[in-house]
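Heavy atoms only: backbone and side chains are in, while hydrogens, waters and symmetry mates are out. Order of listing sets the numbers, starting from 1, for every ligand and every atom in it.
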Amino acid sequence: MAKYDFDIGILGGGAAGLTVASGAARFGAKTLLIEKENSLGGDCLHFGCVPSKTLIRTANICHLMKNAEKYGLPRVDLKPVDFQEVSKRIQSVIHVIQEHDSKETFCKLGARVEFGNAQFIDEHSVRLNGEMLSAKKWVIATGSSPFVPPIEGIDKTRYITNKELFSLKTLPKSMIAIGGGPISIEMAQAFSRLGTKVTVVELANQILGAEDKDMAEYLMNILISEGITFHLGSMPLGIKDLGNEKEIVIRNAEGKTISMRAETILVAVGRKANLQGLGLEDISMELDKKGLKIDDRLRTNHNHIFVAGDATGSYQFTHAAGYEGGIVLSNAILHLPRKVDYTYLPWCTYTDPELASIGMNEKRAAAAGIPYSVWTEEFRTNDRSLAEGEETGKIKLLLDEKEKPIGIQILGPSAGELISEWVAVMNGNVKLSAIASAIHPYPTLGEINKKVVGNFFSGKIFSDKVKWALKYFFNLKGRACG
Ligand SMILES: Cc1cc2nc3c(=O)[nH]c(=O)nc-3n(C[C@H](O)[C@H](O)[C@H](O)COP(=O)(O)OP(=O)(O)OC[C@H]3O[C@@H](n4cnc5c(N)ncnc54)[C@H](O)[C@@H]3O)c2cc1C
């Protein structure tokens, strides 16, 4: 064995770290995976995607039951929600997935898994539980934590974040969610549907700041119709713990000072990379405004130390973490230089309806100075949507000057699934005409993808020029009515 104990060492057993660890071990690299907590899986499994999507499913069923009459069913008089039961279901789903991400699974693949707090003592070695462990390459995949904004009084107030949200003992009667990003908005709707009175406070003048304003407003109006209150353009000035209630004072968009009270305050204003306590300052790691300074091959200023997942401070999604894990594997283990390219990174906010996106939206195209045209189609014209009673939302297709798709946003039922067709189209450089001529099964929500492309082509196909030619060559007689 060379001078290092391992070929590769990974700090963090979440989506990014697990991708690198399993890949490296399977390629035959002597792999060390170190996780701070006492189980693998990271935020996505324990406090993120999995519990949130499980909770959302429960909340959506609750919503359907409350609206049974809309589907021609007798009214259901629901008892108040017992959040401990909801929590039990969440834990049971986590438990099943946890088994796939166990220490034994990774050991079988050939990786050594250790639990504890590791600290770099030099550029190739960490100290873990009193032991020195060295590796030729290292990956920092330590994820992120909720960012807590410096609001006056917040340090003396009991608030919750995604860490506490899924194991609450009771359903809060009321909740103020600080932040209007995906985590806050998904949870605002879920808790509201379960019976909590929810208010959202957001600094910007729209929710879901990365999305186009029309799509975000469309969704916000649906949420308002369900009973959620929004204060946009509002700055929290102070928070106070009054015992059973918490008080928050905000300056709203009109410059007025408003005070509100709720049983629970949810802080969800963004995330910060977990870089503290790793001893990075002792090995002269360079930082920039996002966190660790990295190049497009995910290397730090020490070329053998890589970063992947939320710790990069870039796109904080599980699928981005998995993708970056693959890039690290390619660069660190296979020695095939690969750069990150987020051009076609899709994402989805799992509200009902869902809001999914890939590529350019109007905001991003305008900022990049790319001329574009917009084509839309409403879900209320989709037969399956009507049958499902899910008739809200629309799809928005952006084409560049060469009529090539550069981005799609879908606000509608199962938008996260529908965007997958566009993932294939954009990555495979598929022509729009291929979607227009491909047979989609009827009746499906997916027909909306074909329909929006059809809207683009119909102006060309049914043009006066084509009609004139058909009349000229085949003697068509024209309109039979009106
Ligand atoms: C409520 C919520 C909902 C979300 N929903 C979605 C969703 O629907 N879809 C989606 O794509 N993304 C979602 N995300 C984001 C997703 O959870 C993250 O992007 C993903 O977990 C990032 O993976 P990661 O490996 O970078 O970090 P993590 O999964 O957080 O893993 C990092 C691991 O590193 C460990 N660690 C930290 N410090 C150290 C250290 N010093 N030494 C060793 N180990 C350490 C941590 O304990 C953790 O296990 C959600 C996030 C939240 C909070």
Side-chain angles (χ1 to χ4, degrees), residues 9-22 32-57 90 94 97-98 101 113-120 126-129 133 138-147 160-166 177 179 181-188 190-191 266-280 291-292 298 306-325 328 345-351 354-357 415-416 419:
I10 302 140
L11 299 180
L18 295 179
T19 305
V20 180
S22 70
L32 169 68
L33 173 64
I34 303 175
E35 165 56 49
K36 188 178 75 164
E37 303 295 335
N38 52 17
S39 58
L40 299 176
D43 246 33
C44 180
L45 177 59
H46 298 284
F47 312 106
C49 334
V50 173
S52 63
K53 269 72 255 182
T54 309
L55 176 70
I56 286 171
R57 174 73 175 147
I90 293 172
I94 293 175
I97 302 175
Q98 179 73 84
D101 290 345
V113 179
E114 293 290 338
F115 295 98
N117 261 311
Q119 199 171 18
F120 279 101
V126 297
R127 185 183 298 115
L128 176 77
N129 306 327
L133 296 162
W138 281 98
V139 185
I140 298 171
T142 47
S144 65
S145 299
F147 171 71
I160 60 167
T161 66
N162 65 298
K163 289 253 155 144
E164 296 80 24
L165 192 63
F166 305 107
I183 296 174
S184 172
I185 297 303
E186 285 182 5
M187 293 301 100
F191 276 85
L266 170 67
V267 175
V269 294
R271 317 271 308 163
K272 63 172 187 339
N274 293 330
L275 302 174
Q276 312 74 7
L278 294 171
L280 300 180
L292 281 170
L298 300 178
F306 295 77
V307 189
D310 282 12
T312 60
S314 314
Y315 294 96
Q316 295 181 323
F317 302 108
T318 296
H319 46 283
Y323 167 72
E324 289 158 355
V328 169
L345 176 82
W347 64 76
C348 183
T349 300
Y350 296 89
T351 40
E354 296 177 353
L355 178 49
S357 174
I419 205 81

Nearest neighbour in protein (non-hydrogen) for [atom]:
{"atom": "atom 15 (C) of ligand 1", "result": "Gln316 O, 3.6 Å"}
{"atom": "atom 11 (O) of ligand 1", "result": "Thr318 N, 2.8 Å"}
{"atom": "atom 27 (O) of ligand 1", "result": "Gly143 CA, 3.2 Å"}
{"atom": "atom 36 (N) of ligand 1", "result": "Thr142 O, 3.8 Å"}
{"atom": "atom 41 (N) of ligand 1", "result": "Leu278 CD2, 3.1 Å"}

When you look for heavy atoms under 4.0 Å from ligand 1, do you find them on the side chain of [X], its backbone, both, or neither?
{"X": "Ala141", "result": "backbone"}
{"X": "Tyr350", "result": "side chain"}
{"X": "Asn162", "result": "side chain"}
{"X": "Leu40", "result": "neither"}
{"X": "Ala321", "result": "side chain"}

- Message: Assess, by modelled atom type and distance only, whether the side chains of Glu354 and Thr351 contain a donor and an acceptor separated by less than 3.5 Å.
- Response: no

- Message: For a quick check under 3.5 Å, do Asn274 and Thr142 share a side-chain donor-acceptor pair by atom type?
- Response: no

Any side-chain heavy atom of [X] within less than 4.5 Å of one from [Y]?
{"X": "Trp347", "Y": "Ile419", "result": "no"}
{"X": "Ile140", "Y": "Leu275", "result": "yes"}
{"X": "Thr312", "Y": "Leu292", "result": "no"}

Could you check which of [options] puts a non-hydrogen atom nearest to [atom]?
{"atom": "atom 13 (C) of ligand 1", "options": "Ala311, Cys49, Gly42", "answer": "Cys49"}
{"atom": "atom 8 (O) of ligand 1", "options": "Gln276, Glu186, Lys53", "answer": "Lys53"}
{"atom": "atom 22 (C) of ligand 1", "options": "Asp310, Thr349, Thr19, Ile140", "answer": "Asp310"}
{"atom": "atom 35 (C) of ligand 1", "options": "Glu114, Lys36, Glu35", "answer": "Glu35"}
{"atom": "atom 3 (C) of ligand 1", "options": "Gly12, Ser144, Gly48, Gly277", "answer": "Gly48"}

Using a strict cut-off of 4.0 Å, indicate which atoms of ligand 1 neighbour a heavy atom of [X].
{"X": "Gly14", "answer": "25 (O), 29 (O), 31 (O), 33 (C)"}
{"X": "Glu37", "answer": "47 (O)"}
{"X": "Gly13", "answer": "33 (C), 34 (O)"}
{"X": "Cys44", "answer": "17 (O), 21 (O), 29 (O)"}

- Message: On a heavy-atom basis, which atom in Ala15 and which in Ala321 lie closest, and how many Å separate them?
- Response: CB-CB, 3.9 Å

- Heavy-atom pair with the smallest gap, counting every atom of Ile10 and Gly17: CG2-CA, 3.6 Å

Separation between [atom1] of [X] and [atom2] of [Y], rounded to the nearest 0.5 Å:
{"X": "Cys44", "Y": "Asp310", "atom1": "SG", "atom2": "CG", "answer": "9.5 Å"}
{"X": "Leu55", "Y": "Lys53", "atom1": "CG", "atom2": "NZ", "answer": "9.5 Å"}
{"X": "Phe317", "Y": "Glu324", "atom1": "CZ", "atom2": "CD", "answer": "11.0 Å"}
{"X": "Leu298", "Y": "Phe306", "atom1": "CG", "atom2": "CZ", "answer": "8.0 Å"}

With nothing but distance in play, are any N or O atoms of [X] less than 3.5 Å from an N or O of ligand 1?
{"X": "Ala118", "value": "no"}
{"X": "Asp43", "value": "yes"}
{"X": "Phe317", "value": "yes"}
{"X": "Phe47", "value": "no"}
{"X": "Asn274", "value": "no"}

Quick check against the 3.5 Å criterion: does [X] have a side-chain atom that pairs as donor or acceptor with the backbone of [Y]?
{"X": "Glu35", "Y": "Glu37", "result": "yes"}
{"X": "Gln119", "Y": "Arg127", "result": "no"}
{"X": "Ser184", "Y": "Gly179", "result": "yes"}

- His46: heavy atom below 4.0 Å from ligand 1, yes or no? no

